[in-house]
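Given the structure is predicted, the values throughout are model-derived calculations rather than measurements. Position 1 is the first residue of the sequence, and the numbers go up from there. The analysis underlying the following values was restricted to heavy atoms, covering all of them including side chains, and did not include hydrogens, waters or symmetry mates.
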Amino acid sequence: MLTLLLTLMLGCTPHTTGATEVGVRTNKVGVLLSKGIQDEVYPPGSTSFFPPVITDWHVFDTAIQNLEMTRERNTGDRPEDDSLRFKTIDGNDISVNVNVAWRIMPDKTPYLLRFVGSNTYEISEALVRPVSRSITRDVLNELASEGYYNADIRFAKAEEAKVILNGYLNGEGIQIEQVLLGEHQFTEAYQQVIREMKVAEQEASRLKSETQAAREQINREIEVARGEAATSIEKAKGTSEQRRLEADALYFERERQAQAILAEKTALAEGLTERARALGGSGGTALVKLEVAKALKGKKIIFLPASSGLDIRSTDVNNLLQAYGIQSATKSE
């Protein structure tokens with residue numbers, strides 16, 4: 001027995017793992033270790049030595065893998081159209097490109113080796129691919145046709161698919177990192193309807209924009225008119241105020257003139273009053289006589305005898321003077 005063990009140890013061969021790989025050992029016979037897949041996981045970048053005949057060695061890549069299911073040929077995991085095909089909730093046929101980013105949980109590799117596959121590719125084909133297609137299709141089936149044109153709705157559905165997938169696959173040793181929904185495509189008939197609808201929406205948007213622009217233009221013109229009206233009002237107020245000030249100045253000037261005239265006339269009246277008062281006294285008689293004398297100076301004076309019987313109070317002096325002049329002329333002849 002000891003000889004057999006030494007022989008096995010001396011014949012060990014190296015088994016390595018890459019930077020993103022883990023290894024799982026399988027014992028074919030129950031010598032030293034139990035028979036079957038071992039639960040120990042060999043870490044990335046390691047080298048181990050095992051007997052070549054009684055040991056199997058499996059390596060799994062734990063880096064992120066991409067399951068690409070696309071419509072375009074020779075671009076995804078399949079050379080033919082591999083997109084998800086289904087009907088929307090409102091009954092239209094659609095195909096959607098889907099990319100599922102996933103990775104193997106290192107501590108679950110012994111379980112995956114027992115029940116799923118012996119390498120990363122087999123696990124992808126046997127587990128990740130069928131479950132991802134089925135669940136993602138079920139989630140997207142809940143969308144109406146219009147929902148695929150809304151990026152926020154598509155993103156929300158992709159996140160929903162990721163959560164549900166992890167609920168199924170985490171227990172199987174698979175972690176879903178991201179679900180990305182790519183280009184979608186309806187049937188040609190529906191695509192034409194969508195194009196026509198988009199054209200109509202663009203036309204409606206254009207008309208709405210033009211209406212809004214016209215409304216804004218009207219509002220601008222109203223504001224300009226209001227500004228001009230306010231300017232006119234202020235200008236009228238300024239003119240009115242100027243006219244009021246000019247009227248006040250003219251009134252003040254006329255009032256000053258009237259006061260000056262009143263003062264002048266008052267002084268004149270007072271002077272005449274004083275003069276009348278002076279004439280009403282004893283000096284007034286003398287002053288009157290003096291003025292009469294001045295008035296009669298150089299004039300011919302006729303004396304009528306008191307015996308002539310003429311009443312001077314009722315006699316027309318002009319006729320009398322005329323008659324007297326004729327009589328004087330007769331006597332002189």
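Using a 4.5 Å cut-off between side-chain heavy atoms of Ile, Leu, Val, Met, Phe, Trp and Tyr, Ile218 falls into a hydrophobic cluster with Ile222.
Partners of Glu159 by side-chain hydrogen bond (donor to acceptor under 3.5 Å, both in side chains), not counting sequence neighbours: none found. For Arg129, the salt bridge (Lys or Arg N to Asp or Glu O under 4.0 Å) criterion is met by Asp82, not counting sequence neighbours. Checked against side chain to side chain contact (heavy atoms under 4.5 Å, CB included), Gln257 has the following partners two or more places apart in sequence or in another chain: Glu253, Arg254. By the salt bridge (Lys or Arg N to Asp or Glu O under 4.0 Å) test, Glu80 pairs with no residue at all, sequence neighbours left out. Residues passing the salt bridge (Lys or Arg N to Asp or Glu O under 4.0 Å) test with Arg78, sequence neighbours excluded: Glu125. The salt bridge (Lys or Arg N to Asp or Glu O under 4.0 Å) check on Arg103 picks up Glu177, with sequence neighbours excluded. Considering only residues two or more places apart in sequence or on other chains, Leu245 meets the side chain to side chain contact (heavy atoms under 4.5 Å, CB included) condition with Glu241. For the ring-ring contact (aromatic ring centres under 6.0 Å, His included) test, residues two or more places apart in sequence or in another chain that qualify with Tyr111 are Phe115. Partners of Thr75 under the side chain to side chain contact (heavy atoms under 4.5 Å, CB included) rule, at least two apart in sequence or in another chain, are Thr70, Glu72. Take Lys108 and apply the side chain to side chain contact (heavy atoms under 4.5 Å, CB included) test, not counting sequence neighbours, and it matches Met105.
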Would Gln175 and Asn166 count as a side-chain contact (heavy atoms from CB on, under 4.5 Å) here? Give the steps.
CA-CA 6 Å; Gln175 173 69 36; Asn166 277 322; 3.6 Å; yes

Check the pair Leu250 / Glu246 against side-chain contact (heavy atoms from CB on, under 4.5 Å), numbers first and verdict last.
CA-CA 6 Å; Leu250 182 61; Glu246 290 175 353; over 6 Å; no

I would like to know whether Asp61 and Thr120 meet side-chain hydrogen bond (donor to acceptor under 3.5 Å, both in side chains); could you show each step before the answer?
CA-CA 6 Å; Asp61 190 352; Thr120 303; 5.6 Å; no

Could you give me the CA-CA distance, side-chain angles and deciding distance for Asp81 and Arg71, then say whether salt bridge (Lys or Arg N to Asp or Glu O under 4.0 Å) is met?
CA-CA 4 Å; Asp81 183 353; Arg71 183 182 311 102; 5.1 Å; no

Assess the residue pair Lys28 and Asp56 against the criterion (salt bridge (Lys or Arg N to Asp or Glu O under 4.0 Å)); give the C-alpha distance rounded to whole Å, side-chain angles, the decisive distance to 0.1 Å, and a yes or no.
CA-CA 7 Å; Lys28 296 181 179 179; Asp56 278 340; 3.3 Å; yes

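Side-chain atoms of Thr17 come within 3.5 Å of backbone atoms of Gly45 as a donor-acceptor pair (strictly under, hydrogens ignored). Under a 3.5 Å cut-off, the side chain of Ser132 and the backbone N or O of Val128 do form a donor-acceptor pair. Checking side-chain atoms of His15 against main-chain N and O of Thr13 turns up a donor-acceptor pair under 3.5 Å. Within the 3.5 Å criterion, the main-chain N or O of Ile176 finds no donor-acceptor partner in the side chain of Gln178. Side-chain N or O atoms of Ser232 include one that pairs as donor or acceptor with a backbone N or O of Glu228 at under 3.5 Å.
The distance between the ring centers of Phe60 and Tyr42 does not fall below 6.0 angstrom.
Taking the side chain as every heavy atom from C-beta outward, Gln38 and Thr26 never approach each other to under 4.5 Å. Looking at heavy atoms from C-beta onward, Phe50 lies out of side-chain contact with Pro52 at the 4.5 angstrom threshold. Counting heavy atoms from C-beta on, the side chains of Ile135 and Tyr168 come closer than 4.5 Å. Between Glu203 and Leu207 the shortest side-chain heavy-atom distance falls below 4.5 Å. The side-chain heavy atoms of Glu21 and Thr62, taken from C-beta on, include no pair separated by under 4.5 Å. For the pair Pro44/Thr20, no side-chain contact is recorded, criterion being any heavy-atom separation below 4.5 Å from C-beta on. In this structure, the side chains of Val24 and Trp57 stay at 4.5 Å or more apart for every pair of heavy atoms. Between Ile54 and Asn27 there is no side-chain heavy-atom pair separated by less than 4.5 Å.
Heavy atoms only, all atoms of each residue included: Arg25 and Thr55 are closest at CG-CG2, 3.6 Å. Nearest heavy-atom pair, Val59 versus Thr16, reported as atom, atom and distance to 0.1 Å: CG2-O, 4.0 Å. Between Thr88 and Ala144, the closest heavy-atom pair is CB-C, 4.3 Å. Closest heavy-atom contact between Asp39 and Pro110: O-CG, 3.7 Å. Of all heavy-atom pairs spanning Thr47 and Pro14, the tightest one is CG2-CB, 4.0 Å. The shortest heavy-atom contact between Pro130 and Ser124 is CD-O, 4.2 Å.
For the atom pair CG of Asn141 and OG1 of Thr136, the computed distance is 11.0 Å after rounding to the nearest 0.5 Å. In this structure, the separation between NE2 on His184 and OG on Ser83 is 12.5 Å, given to the nearest 0.5 Å. Here the CZ-CD1 distance, from Phe86 to Ile94, works out to 5.5 Å after rounding to the nearest 0.5 Å. Atoms CD1 and OG, from Ile123 and Ser118 in turn, are 8.0 Å apart once rounded to the nearest 0.5 Å. In this structure, Leu143 CG and Ile89 CD1 are separated by 8.5 Å, a value rounded to the nearest 0.5 Å. The distance from the CG atom of Asp77 to the CE atom of Met69 is 8.0 Å, given to the nearest 0.5 Å.
For Phe49, the CZ atom sits in a packed shell: over 12 heavy atoms of surrounding residues, nucleotides or ligands are nearer than 6.0 Å. With a 6.0 Å radius and a threshold of 12 heavy atoms from other residues, nucleotides or ligands, Arg256 has its CZ atom at or below the threshold. Crowding of Tyr149 atom OH: a count of heavy atoms from other residues, nucleotides or ligands under 6.0 Å exceeding 12.
Using a cutoff of 4.0 Å between basic side-chain nitrogens and carboxylate oxygens, Glu223 and Arg220 are not scored as salt-bridged. Taking a cutoff of 4.0 Å between a charged side-chain nitrogen and a carboxylate oxygen, Asp152 and Lys157 do not qualify as a salt bridge.
Ile164 and Ile153 fall within a single hydrophobic cluster, where Ile, Leu, Val, Met, Phe, Trp and Tyr side chains are chained together by heavy-atom contacts under 4.5 Å. The hydrophobic cluster containing Leu165 does not contain Leu180, counting ILVMFWY residues as joined when their side-chain heavy atoms lie under 4.5 angstrom apart, directly or transitively.
With Arg133 as the fixed residue, the side-chain contact (heavy atoms from CB on, under 4.5 Å) test singles out one of Leu84, Val100, Leu67: Leu84.
Residue pairs satisfying the side chain to side chain donor-acceptor pair (under 3.5 Å) criterion with at least one member in residues 259-269, sequence neighbours excluded, are absent.
Side-chain atoms of Asp93 and Thr187 form no donor-acceptor pair, as typed in the model, at a separation below 3.5 Å.
Using bins of under 30°, 30° to 60° and over 60° for the plane-to-plane angle, the ring pair Phe186/Tyr148 lands in the perpendicular bin.
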